[in-house]
Amino acid sequence: MAQPIIGITCCRWRLKEDGHFFHLVGEKYIQAATAAGGLPLLIPALGETSQLEQILSSIDGLLLTGSQSNIEPRHYQGQVLADDFNDPQRDATTLPLIREAVKLGVPVLGICRGAQEVNVAFGGTLEQAVHQQAGKLDHREQGGSLDEMYGPAHEIELVPGGLLHQLYGQTSARVNSLHHQGVATLGAGLQIEAIAPDGLIEAFSVSHATSFALAVQWHPEWKFQDNPLSMVMLAGFAAACTQRQLSTRKR
Ligand SMILES: N[C@@H](CCC(=O)NCCCC(=O)O)C(=O)O
């Protein structure tokens, strides 16, 4: 049988000052989607498009990646930051795509920036510099090598009975952490799935979704094969994508 097609949203970046724009995805997301049994299909940061339904009818699941860029604050009535690194065309693509995917029952997995996009898509807001908030941990990447940057950084407590707890079976785990921003207020219909020791919401699900819809602030795609929590998350997402494929396609 054909593999479920997993749409992966791109960033739109210039690789050098005043250079051409490129639409790009980190390879580790592609590797995770492939290992989960999916066929990755990259979705360019098209910006405003009336083709949301056509895009979503061509995929069996939607993976929203992390990125160094931040969601433009105007999407959550946040303060405009000097020298912020934004990607407006990515925002204009992903925010409506997330809402339409949930409406149509397309499985969604949001990672880091992708999780923040799920929150903002449903009216949530972001803390723009978590490390500057009293009582909050510094959730930014520490260390130099990739193994250090993406290594375990802090505990999370999983909400008993939640989707993540049902997948994993345990109520605590250690996760990596590479983000400046984080959930300030959760959007409409979003349900907490995991919390960091400082109270920051680290994972949430979409309670009104008819399929898998999970957003996590950490990076399960990093060396997922060595991480039981990552493996069950990707397996849960892939199973939902396969279910979508069977229910909507003849192939
Ligand atoms: N810019 C946001 C989101 C951080 C994020 O997605 N980090 C991932 C970086 C690269 C990668 O692994 O894809 C923030 O700082 O909160």
Side-chain angles (χ1 to χ4, degrees), residues 6 8-13 15 22-35 40 42-43 45 62-76 78-91 93-95 98 108-121 124-133 136-154 156 175-187 194 196 198 200-204 214-224 226-227 230 233-234:
I6 297 178
I8 307 179
T9 52
C10 291
C11 296
R12 177 179 178 266
W13 287 3
L15 302 185
F22 290 80
H23 294 238
L24 64 169
V25 162
E27 186 175 69
K28 54 191 169 67
Y29 299 101
I30 295 170
Q31 290 168 335
T34 305
L42 273 51
I43 301 171
L62 180 64
L63 173 58
L64 301 138
T65 69
S67 177
Q68 306 284 355
S69 69
N70 297 315
I71 299 169
E72 281 196 297
R74 65 185 179 86
H75 292 295
Y76 56 91
Q79 190 184 355
V80 174
L81 302 174
D83 304 328
D84 201 359
F85 175 25
N86 299 127
D87 187 344
Q89 235 170 263
R90 168 163 171 165
D91 297 343
T93 308
T94 56
L95 297 176
I98 290 162
V108 173
L109 175 59
I111 294 173
C112 209
R113 189 203 211 263
Q116 296 168 2
E117 287 169 338
V118 174
N119 186 42
V120 169
T125 59
L126 302 180
E127 288 291 357
Q128 294 178 303
V130 173
H131 56 285
Q132 293 174 357
Q133 301 297 316
K136 287 289 187 286
L137 298 172
D138 186 346
H139 288 258
R140 296 174 295 180
E141 57 271 28
Q142 314 294 322
S145 72
L146 287 178
D147 278 330
E148 289 168 328
M149 286 167 63
Y150 287 85
H154 62 71
I156 55 167
V175 295
N176 54 34
S177 187
L178 299 95
H179 59 105
H180 297 64
Q181 306 197 342
V183 174
T185 59
L186 264 188
D198 60 1
L200 189 73
I201 294 170
E202 284 277 334
F204 48 91
L214 180 65
V216 297
Q217 190 64 73
W218 66 92
H219 288 270
E221 83 289 354
W222 172 259
K223 296 196 173 178
F224 50 87
D226 304 333
N227 186 310
S230 301
M233 283 173 58
L234 290 172

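Counting starts at 1 for both ligands and their atoms, in listed order.
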Next on the checklist: Go through it in stages, so that I can follow the logic: the residues are T9 and R90, the test is side-chain contact (heavy atoms from CB on, under 4.5 Å), and I'd like the CA-CA distance, side-chain angles, deciding distance and then a yes or no.
Outcome noted: CA-CA 8 Å; T9 52; R90 168 163 171 165; 4.2 Å; yes
Item to check | Rounded distance [0.5 Å steps], CG in L64 versus CD in Q116 | outcome: 11.5 Å
Next on the checklist: Testing the 3.5 Å rule here: is there a donor-acceptor pair between the side chains of R12 and S69?
Outcome noted: no
Next on the checklist: Quiz question: by atom type and distance under 3.5 Å, do the side chains of H139 and E202 form a donor-acceptor pair?
Outcome noted: yes
Checklist entry - Under 3.5 Å, is there a donor-acceptor pair linking the side chains of E221 and H219? => result yes
Next on the checklist: With rounding to the nearest 0.5 angstrom, report the CD to CG distance, E72 to L81.
Outcome noted: 11.0 Å
Item to check | Neighbouring protein residues of ligand 1 - any heavy atom closer than 4.0 Å | outcome: K28, Y29, G66, S67, Q68, S69, N70, C112, R113, Q116, Y150, L178, H179, H180, Q181, H219
